[in-house]
Amino acid sequence: METREIKDEWPVLEENDPPLDLTRENAAFERERPRLAREHLGEIALIHGDEVVGAFATLGEALREGFRRFGEARMIFRPITEKDEPEWISNVEINHPSVRRID
């Protein structure tokens, strides 16, 4: 089995490169989400690798703490919510003639 080295810095993406793989950071956030939502709803979570470092009232506070602790390393900042918002919501004019109700 091949072991891949995990790089801690932000890569420079070119135009046709795939998006970053943030599965480690997302898994860490989801693991802690129930506690974070209970104790820090509406704040910003600072995530570094497999660890949720903390919750901060503002993005500026989270940035300062992240750069103080990790320098230029890869960090993720996520708003603490009970569940994720949809990524795309269509803008449909319900009164438009091409839209009809389906029951």
Side-chain angles (χ1 to χ4, degrees):
M1 183 158 129
E2 180 184 332
T3 304
R4 290 180 21 201
E5 179 183 342
I6 298 171
K7 295 189 176 184
D8 199 25
E9 71 273 353
W10 279 104
V12 176
L13 297 178
E14 299 296 329
E15 182 178 354
N16 295 319
D17 286 346
L20 291 177
D21 180 16
L22 300 175
T23 53
R24 292 176 61 217
E25 292 86 352
N26 289 334
F29 180 75
E30 291 302 327
R31 190 174 52 247
E32 295 289 325
R33 187 192 289 250
R35 179 187 64 80
L36 291 169
R38 220 178 20 256
E39 298 172 7
H40 302 284
L41 190 63
E43 295 183 4
I44 305 293
L46 166 58
I47 306 153
H48 179 257
D50 294 328
E51 177 188 9
V52 176
V53 177
F56 300 88
T58 66
L59 179 59
E61 291 176 14
L63 281 166
R64 279 190 294 278
E65 180 63 16
F67 282 112
R68 185 186 71 76
R69 289 181 67 173
F70 307 113
E72 296 292 323
R74 184 165 82 174
M75 297 172 280
I76 305 298
F77 303 92
R78 299 252 326 245
I80 300 171
T81 58
E82 291 180 9
K83 60 181 182 166
D84 285 336
E85 297 292 324
E87 290 186 21
W88 182 77
I89 299 173
S90 64
N91 296 318
V92 175
E93 173 56 54
I94 61 171
N95 297 319
H96 191 274
S98 67
V99 177
R100 63 183 171 89
R101 185 176 178 91
I102 300 174
D103 288 323

Report yes if some heavy atom in the side chain of Asp84 is under 4.5 Å from a heavy atom in the side chain of Glu30; otherwise report no. yes
For Ala57 and Glu43, which heavy atoms make the closest approach, and how far apart are they? CA-CG, 4.2 Å
Specify the closest pair of heavy atoms between Ala28 and Gly49, including all atoms of both residues, with the distance to one decimal. CB-O, 4.1 Å
Nearest 0.5 angstrom please: Met75 CE to Glu51 CD, how far? 12.5 Å
Taking C-beta and beyond as the side chain, do Thr81 and Arg33 meet within less than 4.5 Å on heavy atoms? yes
Which pair of heavy atoms, one from Leu36 and one from Ala45, lies closest together, and at what distance? CD1-CB, 4.4 Å
Glu93 and His96: side-chain hydrogen bond (donor to acceptor under 3.5 Å, both in side chains), yes or no, with the steps? CA-CA 5 Å; Glu93 173 56 54; His96 191 274; over 6 Å; no
Compare all side-chain heavy atoms of Val52 with those of Arg78 and state whether any distance is below 4.5 angstrom. no
In this structure, would Leu59 and Leu41 fall into the same cluster of hydrophobic residues linked by side-chain contacts under 4.5 Å? no
Determine, stepwise, if the pair Ile76 / Phe29 fulfils side-chain contact (heavy atoms from CB on, under 4.5 Å). CA-CA 10 Å; Ile76 305 298; Phe29 180 75; over 6 Å; no
In this structure, are over 12 heavy atoms from other groups packed under 6.0 Å from Glu39 atom CD? yes
Are Phe77 and Ile47 close enough that some pair of their side-chain heavy atoms sits under 4.5 Å apart? no
Heavy-atom pair with the smallest gap, counting every atom of Ala62 and Ile44: CB-CG2, 4.2 Å
Under 4.0 Å between a side-chain nitrogen and a carboxylate oxygen: does that hold for Arg64 and Glu61? no
Considering non-hydrogen atoms only, spot the tightest contact between Ala73 and His48 and give its length. CB-NE2, 3.8 Å
Is there a side-chain contact between Glu25 and Arg74 in this structure, where contact means two heavy atoms from C-beta onward sitting under 4.5 Å apart? yes
